[in-house]
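The next block holds one structure in the form of structure tokens; read it before the comments.
Note that these values count all heavy atoms, side chains included, but never hydrogens, waters or copies made by symmetry.
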Amino acid sequence: MGKTKKNIAIVGLGQFGYQLSISLHQKEFDVLAIDINQDRIDEIKDLVTEAIIIDSTDEKAMRSININTVDVAIVSIGSNVQSSLLTTALLQRLGISEIQVRYINSLQENILQSMGIKTIIGIEKEMGIQIANTLSTDKVGKYISISDHHSVMEIQVPEGFVNKTLKDLHIRSQFKVNIVGIKTRVPNINDAGDIIYTIEMTDVPDPNYPLSKEDLLIIAGTDNNLRKFIKMGELNV
């Protein structure tokens, strides 16, 4: 038998909590979305397993929805630090073993650490790191960190790879990097007779396709291997 998907409660449906709830539900997790704002609940109720309007600091109310039965609780309350901390303390008292909390400032982070919360999410900090990594090289476009040491990024085809195929380059075995997609600029002529370009994405790259300098590669791997790959691509391989 396959492993049962976890039941996850998301407390706080700001931009982060809202998107997290939807993404987890799309991955077939059972998602219970909680917020004190009726409009937010109405907006998400058809996109998750269950959505409930409730004050997450009210112990009686939280017990009434059997919050203690979830596998994971993620406190994603944004600006109200006091409400976030009170909710976290209540979830601990109710015996939820895995609690993850978004923090806003260093004081809240320190308090959460003193409470024994192991997973503390710093959205603004993580975004800052991602932006810095993106700007650190003009070869890199979109960049997503998927762990402390792994990333997915979009890069322009390095000069050394132009007119060569993936089969020629042996990228996976030589660089320990995965090409998960190729974006190709396709020229078209509009009604005014001007040439315009549209982007076509290939998510199962043809190993015999000769790479063009106009192409973009979607690559995944460890940060060290990705950096080596980008540098090696500038050489005449």
Side-chain angles (χ1 to χ4, degrees), residues 1-131 143-148 150-152:
M1 294 179 64
K3 185 177 179 181
T4 304
K5 288 286 189 180
K6 288 183 177 180
N7 297 312
I8 302 177
I10 311 292
V11 185
L13 300 176
Q15 184 175 0
F16 170 67
Y18 181 88
Q19 188 57 56
L20 181 61
S21 298
I22 295 173
S23 297
L24 287 171
H25 188 257
Q26 288 174 343
K27 295 180 184 297
E28 299 182 355
F29 286 93
D30 287 330
V31 176
L32 169 62
I34 296 172
D35 199 280
I36 199 169
N37 184 290
Q38 181 69 61
D39 290 339
R40 291 176 181 173
I41 294 297
D42 289 341
E43 187 175 354
I44 204 172
K45 64 182 180 181
D46 295 326
L47 303 173
V48 295
T49 309
E50 187 175 9
I52 299 176
I53 179 169
I54 203 170
D55 179 356
S56 61
T57 66
D58 184 334
E59 181 171 353
K60 183 177 180 181
M62 291 287 274
R63 285 186 182 275
S64 72
I65 63 170
N66 298 316
I67 190 70
N68 59 301
T69 62
V70 302
D71 299 306
V72 182
I74 302 175
V75 181
S76 56
I77 297 171
S79 58
N80 193 330
V81 173
Q82 180 179 349
S83 180
S84 175
L85 291 173
L86 289 173
T87 297
T88 303
L90 174 57
L91 293 172
Q92 285 183 313
R93 186 158 64 246
L94 293 175
I96 297 175
S97 58
E98 185 174 348
I99 302 171
Q100 303 182 17
V101 186
R102 175 191 179 186
Y103 73 89
I104 302 302
N105 54 45
S106 58
L107 175 59
Q108 184 184 10
E109 180 184 14
N110 291 336
I111 294 173
L112 290 169
Q113 289 172 343
S114 69
M115 294 171 68
I117 301 300
K118 294 180 180 179
T119 304
I120 304 173
I121 307 165
I123 303 304
E124 288 75 12
K125 179 179 178 180
E126 293 301 320
M127 287 303 297
I129 292 172
Q130 289 190 28
I131 291 170
Y143 173 100
I144 301 174
S145 176
I146 55 178
S147 80
D148 290 342
H150 295 77
S151 303
V152 177

Return a table of donor-acceptor pairs under 3.5 angstrom between the side chains of residues 58-65 and protein atoms on other chains or two or more places apart.
from : atom 1 : to  : atom 2 : distance (Å)
D58  : OD1    : K60 : N      : 3.1
D58  : OD1    : A61 : N      : 3.2
E59  : OE1    : R93 : NE     : 3.4
E59  : OE1    : R93 : NH2    : 3.2
E59  : OE2    : R63 : NE     : 3.1
E59  : OE2    : R63 : NH2    : 3.0
S64  : OG     : A61 : O      : 2.5

Compile the donor-acceptor pairs under 3.5 Å between side chains in residues 40-51 and protein atoms, sequence neighbours left out, one pair per line.
from : atom 1 : to  : atom 2 : distance (Å)
R40  : NH1    : D35 : OD2    : 3.4
D42  : OD1    : Q38 : NE2    : 2.8
T49  : OG1    : V31 : N      : 2.9

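In this structure, the separation between OH on Y103 and OG1 on T88 is 14.0 Å, given to the nearest 0.5 Å. Of the inter-residue distances, the one linking L91 atom CG with S56 atom OG reads 7.5 Å to the nearest 0.5 angstrom. Between the CD1 atom in I74 and the CD1 atom in I77 there is a gap of 12.5 Å [rounded to 0.5 Å]. Interatomic distance, I8 CD1 to E98 CD, rounded to the nearest 0.5 Å: 8.0 Å.
Among T119, I121, L112, the single residue meeting the side-chain contact (heavy atoms from CB on, under 4.5 Å) criterion with V101 is L112.
A 4.5 Å side-chain heavy-atom check between I10 and L24 finds at least one atom pair inside the cut-off. Residues N7 and T69 form no side-chain contact, since every pair of their non-hydrogen atoms from C-beta on lies 4.5 Å or further apart. The side-chain heavy atoms of Q108 and I120, taken from C-beta on, include no pair separated by under 4.5 Å. Residues L85 and M115 are in side-chain contact: their nearest non-hydrogen atoms beyond the backbone lie under 4.5 Å apart.
S76 places a side-chain N or O within 3.5 Å of a backbone atom of G12 that can act as its donor or acceptor partner.
Judged as a side-chain hydrogen bond (donor to acceptor under 3.5 Å, both in side chains), the pairs with a partner in residues 11-24 (not counting sequence neighbours) are, in order, Q19-S23.
Residues I54 and I34 approach most closely at CG2-CG2, 3.1 Å, considering heavy atoms. Scanning all heavy atoms of the two residues, the minimum distance from N37 to D39 falls at OD1-N, 2.9 Å.
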